[in-house]
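Structure record follows, encoded as structure tokens.
Whatever order the structure lists ligands and atoms in, that order sets their numbers, starting from 1. If you read the sequence from its start, that first residue is 1, and numbering goes on from there.
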Amino acid sequence: MPKDDYIATIGLEVHVQLKTNSKMFCGCAVKFGAEPNTLTCPTCLGLPGALPVLNGGAIERTILVGQMLNCTTPEIVKWDRKSYFYPDMPKNYQISQFDLPLCVGGGVPLYDLAYPKEAQKNIANPGKSVELTRIHLEEDVAKSTHHSDFTTIDFNRAGTPLMEIVTEPDIDSADEAAAFLGSLRQILIYSGVSDADMEKGQMRCDVNISVRKKGTDELGTKIELKNLNSVSSVRKGIVCEIDRQIGVIDSGDKIIQATWRWNDELGITTLMRTKENADDYRYLPDPDLLPVRTANLVAKVQAILPELPHQKVARFEEDFQITHYDASVLASDGALADFYETAAKGAKSPKKVANWVINNLLGELKERELEIGDCPIAAEKIGSLLDLVEGGTISNNQAKEVFVELFESPDSEPAEIAKAKGFEPADSSEVDGFIDQAIAANPGPAGEVAEGNDKAANFLTGQVMKLSRGKANPKQVTEAILAKLRA
Ligand code: ZN
Ligand code: MN
């Protein structure tokens with residue numbers, strides 16, 4: 001059967017490390033890159049008799065994310081022991097949440113710009129939101145590193161607060177999975193709870209995938225895919241696994257429920273272990289930790305709920321009259337959005353400021369290998385630079401020169417630089433003379449303008465700009481030409 005006759009169903013489980021100073025159940029510091037096994041205590045080493053203490057900040061941050069994603073928080077939540085045996089977890093259970101997690105339901109809106117570039121032009125389900133099952137809070141395990149014939153374990157990571165976000169089987173394609181991770185990351189960065197960088201292991205993702213023939217309702221047998229540590233490997237792993245499963249079914253075989261591993265070097269999935277039954281983790285309420293009433297925490301978090309990226313996009317479109325695309329680019333990064341907003345506030349043309357930030361500023365920063373947060377030019381100065389253009393004091397090309405100069409001396413004012421460069425507004429009677437000159441020299445186009453041809457007006461404006469050596473304000477010139485020829 002052709003591939004189009006199959007439907008893929010995908011669900012994700014995403015683990016996100018929270019930015020907290022201390023661990024989930026003890027006071028040890030959370031720090032990346034410290035000397036191995038220096039950030040430990042009896043609790044996070046899992047020594048017998050050591051007692052856990054809840055990290056209130058981690059609980060609040062998780063509820064905050066839940067509120068941003070429209071989840072509900074049960075009135076009472078609790079922690080449970082998830083039993084399993086592995087060297088990275090010496091107490092033989094992980095403290096996690098079973099039936100009363102911090103957040104239930106909710107969804108993640110998929111942002112257009114979070115789709116892979118080539119998929120953005122043809123989005124299958126525009127405006128889709130991926131439904132969430134739950135978000136719970138647990139502890140990370142230690143990090144084991146496998147050497148040639150031995151394994152080392154670093155307990156610095158053990159006990160780091162870990163938020164687990166579980167989706168419904170609501171994702172249809174590899175592109176949607178990528179959009180989910182990108183959108184979720186944007187929201188997490190906006191919330192300030194995590195940098196959610198997959199390459200740094202701050203966000204880790206497992207994927208459940210099944211395929212079924214079109215026209216059937218029952219979901220196919222699912223395969224769990226592990227070892228995906230970048231958005232691109234999530235995409236490639238899903239594409240590869242969908243193809244493999246269709247091949248198995250087409251050849252008349254059955255999919256066996258199992259965990260597979262993505263091999264990024266070879267670009268294939270390989271069998272890790274089969275699962276005859278669902279894992280039995282023997283969950284039981286952790287007797288060392290009291291359940292928590294959440295009402296006060298939810299109220300506290302609601303008072304500090306940040307604006308979401310799509311809410312910012314809508315506000316930018318409305319307040320600054322810029323396009324949805326420009327607003328989306330600007331809002332895709334919190335620091336960039338703040339920069340733009342400061343620059344555009346009070347500017348004569350917020351639209352011009354948006355164009356300048358997206359086309360000129362981002363390009364220049366990229367060339368200098370700078371992040372927007374390191375931009376030497378204050379946002380307000382970009383606003384006043386473009387006010388000079390909008391007000392007709394300098395031309396767009398002159399603004400580019402002032403802009404480059406601003407990078408070198410960011411303490412100067414754009415108007416000072418323009419003046420020092422001799423960029424004075426063209427004398428209006430002089431420009432008037434140029435207009436008459438251009439009309440006289442181009443009777444053909446002038447006649448067309450009189451008959452209503454706007455392109456011909458642009459041509460004449462271009463001639464006047466040349467005569468004035470770029471000093472005239474093109475908008476005003478066009479208006480003057482139309483006034484003269486269509487009076
Ligand atoms: Zn500790
Ligand atoms: Mn987990």
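The Mn ion (ligand 2) lies under 2.8 Å from an N, O or S atom belonging to H15. Not one N, O or S atom of E13 sits under 2.8 Å from the Mn ion (ligand 2).
Distances from the Mn ion (ligand 2) to each N, O or S atom of E164 single out OE1 as the nearest. Between the Mn ion (ligand 2) and the N, O or S atoms of E138, the shortest distance is to OE2.
Of the options D99, D288, D286, a salt bridge (charged side-chain N to carboxylate O under 4.0 Å, His left out) to K78 is made by D99 and by none of the others.
Residue I256 places its CD1 atom among 12 or fewer non-hydrogen atoms of other residues, nucleotides or ligands, all under 6.0 Å distant.
Aromatic pair F316/Y340: centroids less than 6.0 angstrom apart.
Judged by a 6.0 Å distance limit and a 45° cone about the ring axis, K91 is positioned over the six-membered ring of Y93.
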